[in-house]
Amino acid sequence: MDCRRVNRRNPNLPAGVMMTRLIVAAALLACPFAAADQTVGWPAYGGADGGGHYTPATQISPQNVAQLELAWTHRSGDFREGVVPGVEGYDSAGQSASAFVNTPIVVEDTLYYCTPFNRVFALDPRTGKERWRFDPEVNIDLEHLTNCRAVSSWIDPQTQPDDHCAHRIILPTLDGRIFALDGASGKRCAGFGDNGEIDLTVGLTEHGAREYGITSAPAIIDGKLVTGAYVLDSFRPGVPSGVVRAYDLRSGAFAWGWNPVPPGKPAVDAEGNFTAGTTNVWSTISVDAERNLVIVPTGNSSPDYYGADRGGDLDYYSSSVVALDASTGEVVWHYQTVHHDIWDFDVPAQPTLVDVTIDGVTSPAVVQVTKMGMTFVLHRETGQPLHPVEERPVPQTGAVPGEYLSPTQPFPIKPEPLHQLGVSPDDAWGFTFWDRGQCRKALEEHTTGPIYTPLTEQGTVMYPSNIGGQNWGSPAVDPERGLMVTDTKHVGMVVRLMPQDECGKDVGFPQHGSPYCAVMTPFLSPWGAPCTKPPWSTLAAVDLSTGDIVWQVPFGSLKHMAPWPLSLLSGFGTIQMGGPMVTRSGLTFIAASADRQLRAFSTETGEELWSDELPTTGNAVPMSYVSGGKQFVVIAAGGNFTSPSPPGDYLMAYSLP
């Protein structure tokens with residue numbers, strides 16, 4: 001039993017006194033976090049400023065995780081029904097179901113979370129009892145997608161603990177604003193911007209309400225918040241700029257902006273707005289305070305599925321990991337994971353900062369998972385790969401007229417890819433000879449080939465697809481074991497380019513201003529099952545030192561997805577959104593599956609140790625903290641706009657009896 005902890009109330013106690021307290025606490029309550037004054041927080045979306053989704057808490061362990069029970073539930077009432085996007089006939093102007101993808105933070109022994117409607121709730125972390133709430137009054141009816149991954153937290157070192165806004169909660173909104181709220185009361189920090197808010201639509205070219213919003217928590221570094229934004233995919237070439245901006249956390253004053261234009265190109269237009277159409281940073285940003293770095297994952301340039309009009313300019317920072325100087329916003333280094341990305345293989349996940357030992361040499365690293373199922377391990381100070389990466393030739397024929405292709409793409413030799421890189425008719429799968437034959441016929445009728453096969457009017461089967469591989473919820477990294485844990489989707493998508501004169505008003509990806517719209521459909525059999533072999537979702541652990549896959553297991557069941565008795569079959573996995581969290585005690589927690597389960601696995605072996613069914617799908621990343629001597633695991637169960645289960649508003653906390 002590991003009883004190491006920090007006495008946060010008085011860190012200067014003599015070592016002998018601290019040890020006595022530890023021994024007494026362990027003897028009385030037989031758990032490593034027993035003292036009533038002990039807290040272990042979760043200060044940022046990823047658990048730390050550099051991600052990782054890791055907690056040092058060890059009270060819940062592989063030996064007792066089967067005893068977990070529901071401790072409390074909080075419901076906000078913020079959810080809405082909608083239509084499922086991504087299928088032919090979907091109206092891009094319509095509303096999608098709400099996505100409750102929030103990961104709460106716990107700071108100063110208070111839990112904070114944001115709802116899909118951008119309301120913030122502060123809760124007692126032991127009971128779930130509400131302490132305060134704040135409503136930024138976003139007009140949700142104007143918003144196409146409704147989600148909020150997290151809020152941020154900052155404690156001003158120049159204040160006293162009881163000062164108003166000494167602790168600030170930073171809330172991003174779907175309508176492009178950022179609020180600073182007092183952590184104790186939820187009141188606006190009046191000195192921040194205009195009565196506690198700043199408007200990030202200022203400085204952007206003219207755009208509609210649905211084209212720009214902030215869905216990920218701003219990063220915090222050196223008294224500044226740093227944020228990107230979600231920009232509507234594949235709508236038109238002149239979408240708002242994907243600029244990353246920094247603001248002073250006390251005053252809200254603008255500090256700097258980095259617009260992803262190539263060197264030597266204007267970042268601002270003649271009207272003084274940031275140049276439109278640049279790649280955006282919609283996912284979570286990491287910071288390295290020691291090195292004064294802001295590390296951002298970029299999207300691919302609009303329109304996503306046709307790049308002939310980019311002329312190379314807008315591709316320069318597309319689908320890349322970029323390190324910026326936190327003081328100035330200047331580029332320190334950048335590494336592109338996909339050249340001339342026309343598949344929407346943008347970098348979806350937070351860059352994870354961890355030290356990695358390779359061949360006996362320990363280096364500060366950035367671990368970046370991708371939609372391609374490939375993982376890049378880069379040196380944090382230079383952006384150079386720590387494991388070898390090869391530039392390999394990729395398909396060069398079959399593109400639509402006018403499109404151009406990169407002759408090569410980067411392929412990491414290590415870590416091993418977690419997804420098959422391409423598809424052919426021989427990969428057809430079915431429950432029976434008949435549906436397998438139908439899947440093979442479909443593969444023969446569409447364009448297939450290795451990864452990076454160009455998109456066609458015939459329809460290209462993307463495998464891995466543009467939803468992953470990995471996506472925004474991964475990875476989790478156990479720094480002591482040197483393991484990365486990630487969930488991977490293994491379901492193909494058909495992306496078909498259509499001439500604009502054939503595109504109806506309801507097409508999912510209109511790509512106005514280009515010769516083609518895009519229609520996307522899941523690659524499924526007539527029975528509604530994927531046409532490629534199971535498992536359709538996996539959970540895997542990768543040794544970051546060697547790059548080897550330590551284990552990979554099917555993830556999820558067919559429950560709630562298939563009729564009986566097919567719903568009883570195991571080993572198939574079910575695709576959904578979300579991601580894992582790991583504990584120092586050796587547990588991996590993850591929901592993210594269509595069968596509505598929250599599960600615990602052994603981080604070392606991949607063995608499933610516990611599960612519990614949620615009211616609806618848990619399409620968020622779990623988190624954990626210790627409050628009042630008890631460890632909790634929390635998951636948001638509220639569905640996703642891609643989920644077959646209904647939307648909801650359940651924030652659920654589990655603990656030991």
Side-chain angles (χ1 to χ4, degrees), residues 85-90 92 231-239 276-279 299-316 318-319 336-346 370-372 392-410 421-425 427 441-467 469 492-523 531:
V87 298
E88 193 164 5
Y90 168 69
S92 61
V231 177
L232 186 61
D233 284 352
S234 289
F235 184 60
R236 61 184 177 94
V239 291
T278 51
T279 184
N300 68 325
S301 301
S302 184
D304 294 48
Y305 305 107
Y306 182 77
D309 298 333
R310 300 177 196 163
D313 284 357
L314 297 181
D315 280 330
Y316 192 84
S318 175
S319 302
Q336 191 165 64
T337 61
V338 183
H339 309 318
H340 188 56
D341 184 358
I342 55 172
W343 303 271
D344 194 19
F345 282 152
D346 54 358
T370 66
K371 291 182 177 179
M372 301 86 73
R392 297 177 185 170
V394 292
Q396 294 296 294
T397 59
V400 293
E403 184 61 272
Y404 64 94
L405 303 169
S406 173
T408 64
Q409 294 288 354
L421 302 180
V423 68
S424 76
D427 291 309
K441 180 181 177 182
L443 281 165
E444 291 171 344
E445 292 174 349
H446 289 104
T447 302
T448 60
I451 189 172
Y452 304 120
T453 293
L455 305 180
T456 65
E457 292 186 50
Q458 187 178 3
T460 299
V461 181
M462 291 180 58
Y463 191 76
S465 81
N466 45 6
I467 60 172
M493 300 290 287
V494 179
V495 178
R496 180 162 58 98
L497 298 180
M498 293 174 55
Q500 285 289 355
D501 59 5
E502 299 177 18
C503 304
K505 67 179 182 66
D506 294 340
V507 70
F509 302 98
Q511 302 198 142
H512 298 305
S514 77
Y516 301 93
C517 64
V519 176
M520 180 168 56
T521 54
F523 185 48
C531 269

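Atoms considered below: every heavy atom in the structure, side chains included; atoms not considered: hydrogens, waters and symmetry mates. Model, not experiment: these values are computed from the prediction.
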(Q) Suppose we screen for salt bridge (Lys or Arg N to Asp or Glu O under 4.0 Å). Which residues come up paired with D304, at least two apart in sequence or across chains? (A)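 None.
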
Do [X] and [Y] have side-chain heavy atoms sitting under 4.5 Å apart?
X    : Y    : result
P401 : Y516 : yes
P303 : F509 : no
I342 : L405 : yes

Q) Quick one: do the Y463 and D427 side chains pair a donor with an acceptor below 3.5 Å? A)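 No donor-acceptor contact under 3.5 Å links the two side chains.
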
Q) Short question: side chain of Q500, backbone of M498 - any donor-acceptor pair under 3.5 Å? A)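 No, because the side chain of Q500 does not come within donor-acceptor range (under 3.5 Å) of the backbone of M498.
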
Smallest separation among heavy atoms of [X] and [Y], with atom names:
X    : Y    : value
V239 : S302 : CG2-CB, 3.9 Å
W343 : Q409 : CZ3-NE2, 4.0 Å
I451 : P395 : O-CD, 3.9 Å
Q336 : Y316 : NE2-O, 3.6 Å
A442 : F523 : CB-CE1, 3.7 Å
P454 : T397 : CG-O, 3.2 Å

Q: Please round to the nearest 0.5 Å and tell me the distance separating atom NE2 of H512 and atom SG of C517.
A: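 Separation between the atoms: 9.0 Å.
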
Q. Pick from T408, D341, L421, V394: which one makes a side-chain contact (heavy atoms from CB on, under 4.5 Å) with Y452?
A.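 Per the side-chain contact (heavy atoms from CB on, under 4.5 Å) rule, the option paired with Y452 is V394, out of T408, D341, L421, V394.
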
Q. Looking at L497, V495, L455, which hits side-chain contact (heavy atoms from CB on, under 4.5 Å) with T460?
A.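 That would be L455; it is the only one of L497, V495, L455 passing the side-chain contact (heavy atoms from CB on, under 4.5 Å) with T460.
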
Q: Could you check T447 against T456 for side chain to side chain donor-acceptor pair (under 3.5 Å), going step by step and ending with a plain yes or no?
A: CA-CA 7 Å; T447 302; T456 65; 2.9 Å; yes

Q | From CA spacing to verdict: side chain to side chain contact (heavy atoms under 4.5 Å, CB included), D344, K371 | A | CA-CA 9 Å; D344 194 19; K371 291 182 177 179; 3.7 Å; yes

Q.
Going by the rule side chain to side chain contact (heavy atoms under 4.5 Å, CB included), which residues pair with P410 if we only count those two or more places apart in sequence or in a different chain?
A.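 Side chain to side chain contact (heavy atoms under 4.5 Å, CB included) check on P410 returns Y335, H339, F376, V389, E391.
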
**Q.** Residue list, side chain to side chain contact (heavy atoms under 4.5 Å, CB included) with L314, at least two apart or on another chain
**A.**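 With neighbours one apart ignored, the set is T278, S301, R310.
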
